[in-house]
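Some notes on the structure that comes next.
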2 protein chains.
Amino acid sequence: MLAGVLRAHEGRLQVLLWQRAKPPHENRWALPGGRLGDDEDVERSIRRQLAEKVDVHKLSHVEQLAAFSDPGRVPGRRVVATAFLGLVPSDVDPEVPADTTWHALDDPPPTAFDHERITHAARDRLRAKLSYTNLGFALAPAEFTISELRRIYSAALGYQVAATNLQRVLTRRGALQPTGRTVPAGPSGGRPPALFRFTSPGLEITDPFAVFRPPPGAS
Amino acid sequence: MLAGVLRAHEGRLQVLLWQRAKPPHENRWALPGGRLGDDEDVERSIRRQLAEKVDVHKLSHVEQLAAFSDPGRVPGRRVVATAFLGLVPSDVDPEVPADTTWHALDDPPPTAFDHERITHAARDRLRAKLSYTNLGFALAPAEFTISELRRIYSAALGYQVAATNLQRVLTRRGALQPTGRTVPAGPSGGRPPALFRFTSPGLEITDPFAVFRPPPGAS
DNA sequence: GCAAAAGTGTTCGGTATACACCCATGC
DNA sequence: GCATGGGTGTATACCGAACACTTTTGC
């Protein structure tokens, strides 16, 4: 039970890590997680584990990645880890324990065990789903300007996306809604940006990439 | 450790099930699987388990689906199952034990535990990947006509796909290659069909559905 | 007025689909 | 020759990317 908890912050993607105080891999940085309890399924369990590091209510999305099971992944008796992707909106800065901090994904500290691989799996899942779902809602504040959203998507994807197309694509898919309100312009002037929100608070597939599509009438 | 082993057969999608001889869920049909050994990772383990039911060499593809962990999914002590999708080409008919047979997915027998849910997860994964990868290679024989491939895709997807578009899309993506050879026409005449093969023997993403694409120069 | 930032209109290229048409065989 | 199934050419619709242009503010 391990989670790669990610957020977009200051133009970069960050992952939540805690520093191990004891061997093995003393002082290395590890993903939060813990053992599965007898009366919970894996998703409930990882949310419980994460509650100790991040306020659960700050977690905007959690999903299962895969089981990591290489017999040599940790020293000693083999441990199978079910890995998760967790997301935190960019406008909340949850309280975290003293041993725990955010680290830029592109400048990682020394990590424990196979946790860097798991972090990469989390990042790759996020990037893929940003393209064909409305998963951006989990990284963005409840309301935001297109510029802010552009920064978030650019940080998460690792390259610049154009605000024009971002707005158009998400709007056409019905994922984005104007609130009708605007926000004052910045210090250097400019037109005051409009505020938008995501239409749905939950994960939806907005681009059913299905080629070989079923005939329009079919279910 | 459970696997939904699927194949396309006679226009339908089938799953490999064995009939339980003992309680719980006596006489119900279950997915093949078993316990994880200490010295193997989950993928190696499921291949070993499946070797008892299906000749491993007949398995054209295996991939992890997810962990199923509901505390009530099996009676008694909770068991976490890591589920897999397995695929068998349509031209091989592996020897299977006496208690084991293929069942049409759209006409399932009484199944044990949550195995029908897992079967559906396997089917959904297959359908999704047929659209944006070359995964068809795992369902098709090594060489095939477009008509045969059309039948396989139609069976797997659950609706009719047009041979014209199937050929064109897979060819444009570079997934399909003509062998240059043809096969005699059928009993009712007609032009002798050409034989094709898949370009790559392994899974490749042929349609990077990425919207918000990176600038062409980027990695 | 001018610079700056936001947002819209328009064009273009690529891809999937639909459908008409041509091809090669058995009888 | 004709029916049958295989394969190609062409037209259409849609979507995302790029870029020019307009709008609205601060100074």
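Note on naming: letters A, B, ... go to the chains in the order of the sequence lines (proteins, then strands), and numbering restarts at 1 for each one.
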Evaluate the ring planes of B/Phe198 and B/Phe137, with Trp represented by its six-membered ring, and classify them as parallel (under 30°), tilted (30 to 60°) or perpendicular (over 60°).
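If you compare the ring of B/Phe198 with that of B/Phe137, the planes turn out perpendicular.
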Can you check the [X] [atom1] to [N] [atom2] distance for me, whole Å?
X: A/Phe196; N: C/dT8; atom1: CZ; atom2: C1'; value: 11 Å
X: A/Tyr159; N: D/dG16; atom1: OH; atom2: C1'; value: 12 Å
X: A/Leu176; N: D/dG16; atom1: CG; atom2: P; value: 14 Å
X: B/Ile146; N: D/dG5; atom1: CD1; atom2: C1'; value: 14 Å
X: B/Arg173; N: C/dG14; atom1: CZ; atom2: C1'; value: 13 Å
X: A/Leu166; N: D/dG16; atom1: CG; atom2: C1'; value: 12 Å

Can you tell me if B/Arg48 has over 12 outside heavy atoms packed within less than 6.0 Å of its CZ?
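Result for CZ/B/Arg48: enclosed.
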Not counting sequence neighbours, which residues clear salt bridge (Lys or Arg N to Asp or Glu O under 4.0 Å) with B/Asp41? List them please.
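If we apply the salt bridge (Lys or Arg N to Asp or Glu O under 4.0 Å) test to B/Asp41, skipping adjacent residues, there are no hits.
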Footprint string (nucleotides 19-27 of chain C, 5' to 3'): B base within contact, S backbone only, - free, heavy atoms under 4.0 Å:
B---BBBSS
How would you list all residue pairs meeting salt bridge (charged side-chain N to carboxylate O under 4.0 Å, His left out) that involve residues 92-108 of chain A, not counting sequence neighbours?
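Salt bridge (charged side-chain N to carboxylate O under 4.0 Å, His left out) check on residues 92-108 of chain A returns A/Arg7-A/Asp93, A/Arg12-A/Asp106.
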State whether A/Glu10 and A/Arg151 are salt-bridged, where the test is any N-O pair (Lys NZ or Arg NE/NH1/NH2 against Asp/Glu carboxylate O) under 4.0 Å.
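Result for this pair is no, no salt bridge flagged.
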May I ask you to decide whether A/Arg181 forms a salt bridge with A/Glu143, counting only side-chain N to carboxylate O separations under 4.0 Å?
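A/Glu143 and A/Arg181: salt-bridged.
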